[in-house]
There are 2 protein chains.
Amino acid sequence: MRPHDHGDCIRRVLDEAERRAAEDRVNFTPVRRHALEILLESHAAMPAYGLLKRLDADGFGSQPPVAYRALDFLIEQGFVHKVERLNAFVACMYPHETHTPAFLICRNCRSVAETCVAPTPAALLREARAAGFAIERSMMEAEGLCRDCAREEDAPCD
Amino acid sequence: MRPHDHGDCIRRVLDEAERRAAEDRVNFTPVRRHALEILLESHAAMPAYGLLKRLDADGFGSQPPVAYRALDFLIEQGFVHKVERLNAFVACMYPHETHTPAFLICRNCRSVAETCVAPTPAALLREARAAGFAIERSMMEAEGLCRDCAREEDAPCD
DNA sequence: TTTTCATAGGTTATACTATAACATTCCAGC
DNA sequence: GCTGGAATGTTATAGTATAACCTATGAAAA
Ligand SMILES: [Zn+2]
Ligand SMILES: [Zn+2]
Ligand SMILES: [Zn+2]
Ligand SMILES: [Zn+2]
């Protein structure tokens, strides 16, 4: 991840979430909001039990449903994605647009970058149509080496 | 899934696996082969513990590593894919070509169709290049309604 | 031949992920 | 004030995956 003003990421996404929740008349309760804030702390993917631990520390309860219910809501609203490959969750960086999330997952440092790809890729859409399948949600995940880790592997003095 | 000669699917994939294993000098042992045969029995995705139960019934051992080791091998060789969304496994229907597996997963009947999509979609590849990310594997998963289930939902007498 | 090394498999235990089920609280609308 | 739905509290359990260590096998090196 390139250096950037992460405070800006946080404000931007949180504001948009707030706005969308109001617009859609959904209940953006304290625990839900706080879960999103925790996930927004970094662009890394966080496992459910990591989130739960944080929520517990902040007084929101210690039982698994606390985390999973918050996550269900946030995913439903499109504020959070699940990275299936990692069984972990990330705040969406493009909550203002409907999209097919696409993740670049580094097998070395496990960093996760969400890239901005349009709704369902054309090739998949074509295949789905041919099969009579109606796509409602889709996602893409790619595993490989991030820029930084690739540089390390290249280094002759490794 | 349309009606088809499934025995033909099985023979075709098994032969190709046999051939590729010999070519790559990897050890296609009885338990590995039998695990693939079990997964080939249908195009549905099977959970690891379902596979384990079958392997156990056929005398290959009852402990989780039995199944997970066989799956690790089969995935490594490209004979099997994991459907991340379902935490379940399917035999690859296109073992003769390197590809990005793409699955159409019905949210109603949980059927899984693997569609034949080329290596990493162009859009994702572009994004990855821009980020300096080297993709090694990628996959796509789409959730929605299969042809049959869509028909049912349409039915006025449902 | 004996040693060595790598791969596969056996076995036990445990960690991690997720949901079911039911009780309780809260609040908006009637 | 009653009522119904949404959110939360609480307990229990189901489901997924890996760690760790040990044994067997067989082919290559010494
Ligand atoms: Zn997103
Ligand atoms: Zn990395
Ligand atoms: Zn495939
Ligand atoms: Zn279906």
Measure [atom1]/[X] against [atom2]/[N] and give the value in whole Å, please.
X     : N      : atom1 : atom2 : answer
A:K53 : C:dA15 : NZ    : C1'   : 14 Å
A:F73 : D:dG5  : CZ    : C1'   : 16 Å
A:F89 : C:dC16 : CZ    : P     : 16 Å
A:Q63 : C:dA23 : CD    : C1'   : 15 Å
B:E76 : C:dA8  : CD    : P     : 10 Å
B:L52 : D:dT18 : CG    : C1'   : 14 Å
A:L51 : C:dA18 : CG    : P     : 12 Å
A:R85 : D:dA17 : CZ    : C1'   : 15 Å

Inset, instruction - Please confirm whether B:F60 and B:H34 have ring centers closer than 6.0 angstrom. - result: yes
Inset, instruction - Indicate, with yes or no, if A:F89 and A:M93 share a hydrophobic cluster defined by side-chain heavy-atom contacts under 4.5 Å among Ile, Leu, Val, Met, Phe, Trp and Tyr. - result: yes
Legend entry - A:L71 reachable from A:V13 in the ILVMFWY side-chain graph, under 4.5 Å edges: yes
Legend entry - Side-chain donor/acceptor contact of B:R69 with base of C:dG10 under 3.5 Å: yes
Reckon [X] has a side-chain N or O less than 4.0 Å from the OP1 or OP2 of [N]?
X     : N      : value
B:Y68 : D:dA17 : yes
A:K82 : C:dA18 : yes
A:N87 : C:dA18 : yes

Inset, instruction - State whether the number of non-hydrogen atoms from other residues, nucleotides or ligands found under 6.0 Å of B:R129 atom CZ is greater than 12. - result: no
Inset, instruction - Please figure out whether B:T29 or B:Y49 has its closest DNA chain C nucleotide nearer the 5' end. - result: B:T29
